[in-house]
Q: 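Let me begin by handing over the structure; questions about it come next.
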Amino acid sequence: MAKLAPYRAKRDFTKTSEPAGKAARRTGFSFAVQKHEASRLHYDFRLELDGVLKSWAVAKGPSLVKGEKRLAVHVEDHPVDYGDFEGTIPEGQYGGGTVLLWDRGTWEPEGDPHEGYDKGRLTFRLDGEKLRGTWHLVRMAKRPRERQESWLLIKAEDAFARSEDDTDILEEAPLSVKTGRAIEEISGKPSKAAPKKRAAAKKSATKADPPKGATRRASSSATAKGDHRVDVAGVSISHPDRVLWEEQGLTKQELAEFYVGIADWILPHLVDRPLTLIRCPSGSAKKCFVQRHSWAGLSDFIHRSMVSDDKDGKQEVLTVRDIQGVVALVQSGVLEMHIWGATLQDLERPDRLIFDLDPGEGVDWPQVIEAATAVRERLKGMGLVSFVKTTGGKGLHVVVPLTPRAAWKDALAFTRGFAEAMAADEPDRYTTTSVKQEREGRIFIDYLRNNREASAVAPYSTRSRPGAPVATPVSWDELTPDLRPNGFTVENLPERLRRLKKDPWSDLPSIDQTLPEAKSTRRKAKR
DNA sequence: GAAGCAA
DNA sequence: TTGCTTCAACGCATG
DNA sequence: CATGCG
Ligand SMILES: [Mn+2]
Ligand SMILES: [Mn+2]
């Protein structure tokens, strides 16, 4: 019979002991549930209809809890005699693994089963050795690239239904109804399944029982709690109370409001610069990841541009234009914003160079200050004005604004030459190689930030580190041993900015300077 | 955080 | 339904 | 050529 063609096509009956089967002519309604330890453990739920077993793979097995939905992926029809099968399927064969006949019996549809099946709403009563009572099988709406239909197996309310606190039938009665064996006895191997820890279900059900009518819709996600959102600067924030920095108790909403409060300070440094994002949706101490390209569900406040590649093709970059964009980044779990040293106006010619000063093991802070000052003086000797910021980590960034003229290649060559000259002059203090060994007791001058694809933490960006530190522009005369590279934080930065009234880098936009072309060095004010 | 994919 | 996975990139130094 | 590093 054609119905079983897919079943047969998947199997080599010279290798497996599963029945080849033939569509039965009888009209009785049998059902079977087979525990199948294959690539993943699942339960195959089978109902006899029209001479075959209509089959669903139930990932987590049936639940006796009323209303609890178990995904049931509709799989190919099986022959009726398969419903009695128990044994092993050779590795490498379709469904290779161990099959245990977990339950069997008869089923009785409520209403016309063909109509119910076609409409995707089957209601039926089971009379098995383990499963009894009324159940629903409901077909879900078809998803875009769905390969197999998804159904839900749901226990209906009746005398056989159990509460959430009752024992799970799968654990209570794991053995075969055919042979009484456990799955390990059938496979001959110890179970592949990791020993699962005794989860809940361990409640002394005597006292403090929940009031009867208050039965939650069995873990239905619509529990009237925590899922609220707030609006910050017109951007919707989910989980506003999620704590992002544990020690500070700093929440997502507070982070968003922090950025809104310093919008005028951060935006000049951020707008239109391609971003590299550090996202930590579950908090700074949890798993973080880097993102440079757009993702499904990207906020309209975060802008995507297709720009020319370094070479032949195109690449996509992300930018923000306003504080809404920054808040949208916070909503995405962004804890660090890193920026290119060029803007969308001219991505091929950097307008900011950066010397990243990273103290190695055993270098104390005053030496880092000396290094920054040395970089500044050397730059000054070439007619270049520079600015400094804390990184929020252990070091400092010295930033050189440029009128975009030189290409990245030349900018890199310049900074490399500069850094190597410093290391050559004072090899005990500086190194330009990132190798750990070399950096011990020295300051690593990382000139590689000055690459087209590279980036450095943006001024006024938070860092995903203990204390919620903020990378902070400072004036050169603030650079004293009292200052700490991670001393400015979400907590104290607003106060600093209130005192300052203007950005220590406020002169930066008016600087008009270019790389010294071998000899000529120029500097003058714009306009 | 949000999607896609698999079970 | 639920759980798992993915989410960048490149120049440079070294063995 | 594969890793480690930022
Ligand atoms: Mn199976
Ligand atoms: Mn650094």
Side-chain angles (χ1 to χ4, degrees), chain A residues 36-45 56-63 67-75 95 138-141 143-154 218-221 229 236-239 242 244 252 274-283 286-299 302 309-311 315-318 328-335 338 340 354-358 360 391 393-395 397 408-409 412-413 415-416 419-420 431-439 444-457:
Chain A
H36 187 182
E37 193 174 73
S39 51
R40 299 277 230 291
L41 176 68
H42 60 272
Y43 291 75
D44 291 298
F45 186 84
W56 291 262
V58 183
K60 300 179 73 178
S63 166
E68 202 161 288
K69 297 162 181 160
R70 291 295 163 89
L71 184 73
V73 175
H74 204 343
V75 296
V138 183
R139 186 167 60 222
M140 295 169 69
R143 287 168 300 117
R145 279 167 301 283
E146 176 176 274
R147 307 186 61 88
Q148 303 164 111
E149 289 177 357
S150 291
W151 294 58
L152 296 170
L153 177 64
I154 309 164
S219 77
S220 138
S221 51
R229 305 178 72 98
S236 176
I237 297 287
S238 66
H239 306 112
R242 169 156 308 156
L244 265 15
K252 196 171 161 189
L275 296 163
T276 296
L277 307 168
I278 310 296
R279 300 178 60 190
C280 318
S282 309
K286 298 296 196 338
K287 196 80 186 164
C288 300
F289 57 91
V290 179
Q291 190 141 11
R292 316 182 76 185
H293 307 308
S294 63
W295 58 90
L298 186 75
S299 163
I302 303 169
D309 210 43
D310 218 357
K311 5 191 183 309
Q315 67 181 151
E316 185 191 50
V317 298
L318 298 179
L329 291 176
V330 172
Q331 164 55 18
S332 310
V334 170
L335 262 41
H338 295 243
W340 286 25
I354 189 160
F355 293 96
D356 174 15
L357 306 178
D358 271 343
T391 61
K394 289 194 294 206
H397 285 174
W408 279 108
K409 162 173 67 64
L412 182 65
T415 53
R416 175 176 186 161
E420 285 175 345
T431 179
T432 62
T433 143
S434 67
V435 178
K436 284 274 191 209
Q437 178 91 249
E438 289 291 314
R439 293 166 57 179
F444 170 43
I445 306 179
D446 183 2
Y447 63 87
L448 283 171
R449 304 296 90 224
N450 302 291
N451 252 309
R452 185 180 188 273
E453 314 283 327
S455 61
V457 68

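Order of the sequence lines fixes the chain letters, A, B, ..., with proteins taken first and strands second; residue numbering starts at 1 for each chain.
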Q: Which residues pass the side chain to side chain donor-acceptor pair (under 3.5 Å) test with A/Asp356, not counting sequence neighbours?
A: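 For A/Asp356, the residues satisfying side chain to side chain donor-acceptor pair (under 3.5 Å) (neighbours in sequence not counted) are A/His397.
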Q: Among all residues two or more places apart in sequence or in another chain, which pass the side chain to side chain donor-acceptor pair (under 3.5 Å) test with A/Glu420?
A: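 A/Glu420 satisfies side chain to side chain donor-acceptor pair (under 3.5 Å) with A/Arg416 only.
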Q: Rounded off to whole Å, could you give me the CZ-to-P distance for the A/Arg452 and D/dG6 pair?
A: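 Atom CZ in A/Arg452 sits about 25 Å away from atom P in D/dG6.
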Q: Could you check how far CD of A/Glu68 sits from P of C/dT1, rounded to whole Å?
A: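 Distance, rounded to whole Å: 13 Å.
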Q: So, using side chain to side chain donor-acceptor pair (under 3.5 Å) as the criterion, who are the partners of A/Ser238 when residues are at least two apart?
A: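 Expected list: A/Lys252, A/Gln331.
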Q: Who are the salt bridge (charged side-chain N to carboxylate O under 4.0 Å, His left out) partners of A/Arg279, not counting sequence neighbours?
A: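 Residues passing salt bridge (charged side-chain N to carboxylate O under 4.0 Å, His left out) with A/Arg279: none at all.
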Q: Output all residues satisfying ring-ring contact (aromatic ring centres under 6.0 Å, His included) with A/His36, sequence neighbours left out; order by chain, then residue number.
A: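 If we apply the ring-ring contact (aromatic ring centres under 6.0 Å, His included) test to A/His36, skipping adjacent residues, the hits are A/His42.
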Q: With sequence neighbours excluded, what pairs up with A/Glu149 under the side-chain contact (heavy atoms from CB on, under 4.5 Å) test?
A: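 With sequence neighbours excluded, A/Glu149 shows a side-chain contact (heavy atoms from CB on, under 4.5 Å) to A/His74, A/Arg139, A/Glu146, A/Trp151, given in chain and number order.
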Q: If you measure from the Lys or Arg side-chain nitrogens to the Asp or Glu carboxylate oxygens, is any gap between A/Arg70 and A/Glu68 under 4.0 Å?
A: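 Here A/Arg70 pairs with A/Glu68 in a salt bridge, since their nearest N and O are under 4.0 Å apart.
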Q: From CD of A/Glu146 over to P of C/dT1, roughly how many Å is that when rounded to an integer?
A: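 For the pair A/Glu146 CD and C/dT1 P, the rounded distance is 13 Å.
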Q: Going 5' to 3' through nucleotides 8-15 of chain C, assign each nucleotide B (protein heavy atom under 4.0 Å from a base atom), S (under 4.0 Å only from sugar-phosphate atoms) or - (no protein heavy atom that close).
A: BSSBSSS-
Q: Determine the contact category for A/Lys252: base if any of its heavy atoms lies under 4.0 Å from a base atom, sugar-phosphate if only primed atoms, P, OP1 or OP2 are that close, otherwise nothing.
A: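 Contact class for A/Lys252: sugar-phosphate only.
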Q: If we take the C1' atom in both C/dA9 and D/dG4, what is their distance in whole Å?
A: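 Pairwise C1' distance, C/dA9 against D/dG4, rounds to 14 Å.
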Q: For A/Arg449, which contact category applies under a 4.0 Å heavy-atom criterion: base, sugar-phosphate, or nothing?
A: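 Base, at least one base heavy atom under 4.0 Å.
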Q: Which residues pass the side chain to side chain donor-acceptor pair (under 3.5 Å) test with A/Ser434, sequence neighbours left out?
A: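 Applying side chain to side chain donor-acceptor pair (under 3.5 Å) to A/Ser434 gives none.
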Q: Within the 4.0 Å limit for protein heavy atoms, which parts of nucleotides 2-7 of chain B are touched? Write it as a string from 5' to 3', B for base, S for sugar-phosphate only, - for none.
A: SS-S-B
